[in-house]
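Whatever order the structure lists them in is the order used to number ligands and atoms, beginning at 1.
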Amino acid sequence: MNEELNQNFLLEESFFIDSSDQSQGRILLLLINRPDKLNALNENVTRELKNAAKRVMKDDSIRVVIFGGASPSIPSEGKKSKPNSFVAGADISEFKNKKSEEIFDIFSDNCWEAIWNIEKPTIAMIDGFALGGGCELAMSCDIRIASDRSVFGQPEINLGLIPGGGGTQRLTHLVGYGKSLELILSGKFINSDEAYSFGLINHVCKPDELKQKTLELATLIGSKSRHTLDIAKKAVRIALNTPIDEGISKELKLFSDLFDTEDKEIGVNAFLEKKKPKWKGR
Ligand code: COA
């Protein structure tokens, strides 16, 4: 841990959604930066992710957040380069000698929930390993875009464990009971094409296109009314834990309420006048 004391565990980049009008907000790209350990989530990274989630919620200028993993550093002479990784899981070395009470406390306030609870659009930009807590981190985001060299899996079973960052639940919601259990019971690794084939990820692309494709989608999403985005995410979340009839009546209420917003007038008028809407966010 000592050599990590002064490390920046999260690297940040910002991109304006409309460079000619900075008031339209920005996209925040956060890169987990522990490439020598394949960006495994240790206590330091987890703390930084939780802090970042709080910051994102407070900062009005941030409209969309992208999570990724830092690329491997150039190896010192004679050493092999580490593989690319989004996040290769929770840091397994921190599991040694831990008992249930301690781990329960640590996992009760965790980075996966912190990211899941961000009330703004979130995208996982995956290049390389997304295993265990890394796959769970990707699933805590709303959308997943991966390079074709990425690898997915929930290998906790190999450690005598099960996923503990929401994986059993979010994976089942995302891909269904059978595929979820196949991954969790076998601990096997799958590639991007297979992950795409059953809906674990939204898009697959070449590694050198990944950042651009992710930013394009983030920019498209970020160009909408931030208030409407917020309501849209809330409405879709309702579907995860509500019977369909109840969900539909909740949707009706949220939809109707939008008719009292300035942004609905702005959007409708912009369409009718064939102009670009200039949202107010209310
Ligand atoms: N926790 C802690 N350290 C990890 C890690 C994790 N989840 N995943 C990788 N690392 C570390 C390795 O210990 C190694 O450290 P070292 O160079 O100091 O020895 C470094 O990252 C590189 O990993 P390495 O295993 O040498 O790379 P590889 O290319 O041979 O294998 C993986 C890559 C991803 C297949 C392998 O690292 C792995 O299986 N990781 C664990 C995945 C997992 O079980 N995740 C779920 C955890 S709950």
Query - Protein heavy atom at shortest distance from atom 35 (C) of ligand 1 - result: Phe189 CE1, 3.9 Å
Query raised in the report: Do Gly89 and ligand 1 have an N or O pair less than 3.5 Å apart?
Result: no
Query raised in the report: With no hydrogens and no angle check, is any side-chain donor or acceptor of Asp148 less than 3.5 Å from a backbone partner on Lys206?
Result: no
Requested in this report: Please write down residue, atom name and distance for the protein heavy atom closest to atom 28 (P) of ligand 1.
Outcome: Pro83 CG, 4.6 Å
Query raised in the report: Is there a donor-acceptor pair under 3.5 Å between the side chain of Lys233 and the backbone N or O of Glu119?
Result: no
Report task. Report yes or no: does Thr261 contribute a side-chain atom to a donor-acceptor pair with the main-chain N or O of Asp257 at less than 3.5 Å? Result -> no
Report task. For a side chain to side chain donor-acceptor pair (under 3.5 Å) with Asp127, tell me which candidate from Ser147, Ser192, Ser85 qualifies. Result -> Ser147
Query raised in the report: Looking at Lys37, Arg34, Lys98, Lys96, which one forms a salt bridge (charged side-chain N to carboxylate O under 4.0 Å, His left out) with Asp91?
Result: Arg34
Query raised in the report: Closest non-hydrogen protein atom to atom 12 (C) of ligand 1, residue and atom name please, with distance?
Result: Lys37 CD, 4.8 Å
Query raised in the report: Quick one: nearest non-hydrogen protein atom to atom 34 (C) of ligand 1, plus distance?
Result: Leu131 CD1, 3.5 Å
Query - Under-4.0 Å heavy-atom contact between protein and atom 22 (C) of ligand 1 - result: yes
Report summary line: atom 36 (C) of ligand 1 has as its nearest protein heavy atom Leu38 CD1, 4.7 Å
**Report entry** Donor on one side chain, acceptor on other, Ser73 and Asp36, under 3.5 Å
**Finding:** yes
Query raised in the report: With a 4.0 Å cut-off, strictly under, does atom 26 (O) of ligand 1 pick up any protein heavy atom?
Result: no
Query raised in the report: Counting heavy atoms only, which of Ile157, Val151, Ile92 comes nearest to atom 47 (C) of ligand 1?
Result: Ile92
Query raised in the report: Under 4.0 Å from any heavy atom of Phe129, which atoms of ligand 1 are there?
Result: 33 (C), 34 (C)
Query raised in the report: Given the protein's heavy atoms, is any one of them under 4.0 Å from atom 1 (N) of ligand 1?
Result: yes
Query raised in the report: Between the side chain of Asp263 and the main-chain N/O of Gly281, is any donor-acceptor distance below 3.5 Å?
Result: yes
Report task. Do me a favour and list the nearest non-hydrogen protein atom to atom 42 (C) of ligand 1 with residue, atom name and distance? Result -> Ala88 O, 3.4 Å
Report task. Consider only side-chain heavy atoms of I, L, V, M, F, W and Y, link residues closer than 4.5 Å, and tell whether Ile32 and Ile145 are in one cluster. Result -> no
Query raised in the report: Met57 and Ile62: same hydrophobic cluster, using ILVMFWY side-chain contacts below 4.5 Å?
Result: yes
Report task. May I ask you to decide if Asp60's main-chain N or O and Arg63's side chain share a donor-acceptor pair within less than 3.5 Å? Result -> yes
Query raised in the report: What protein heavy atom sits nearest atom 17 (O) of ligand 1, and how far away is it?
Result: Lys82 NZ, 2.5 Å
Query raised in the report: Any protein heavy atom under 4.0 Å from atom 31 (O) of ligand 1?
Result: no
Report summary line: Any heavy atom of Asp36 under 4.0 Å from ligand 1? The part involved is backbone
Requested in this report: Check whether any protein heavy atom sits under 4.0 Å from atom 14 (C) of ligand 1.
Outcome: no
Query raised in the report: Of all the non-hydrogen atoms in the protein, which one sits nearest to atom 44 (O) of ligand 1, and at what distance?
Result: Pro155 CG, 3.5 Å
**Report entry** ILVMFWY cluster, Leu10 and Ile66 together (side-chain gap under 4.5 Å)
**Finding:** no
**Report entry** atom 38 (C) of ligand 1 protein-contacted, heavy-atom criterion under 4.0 angstrom
**Finding:** no
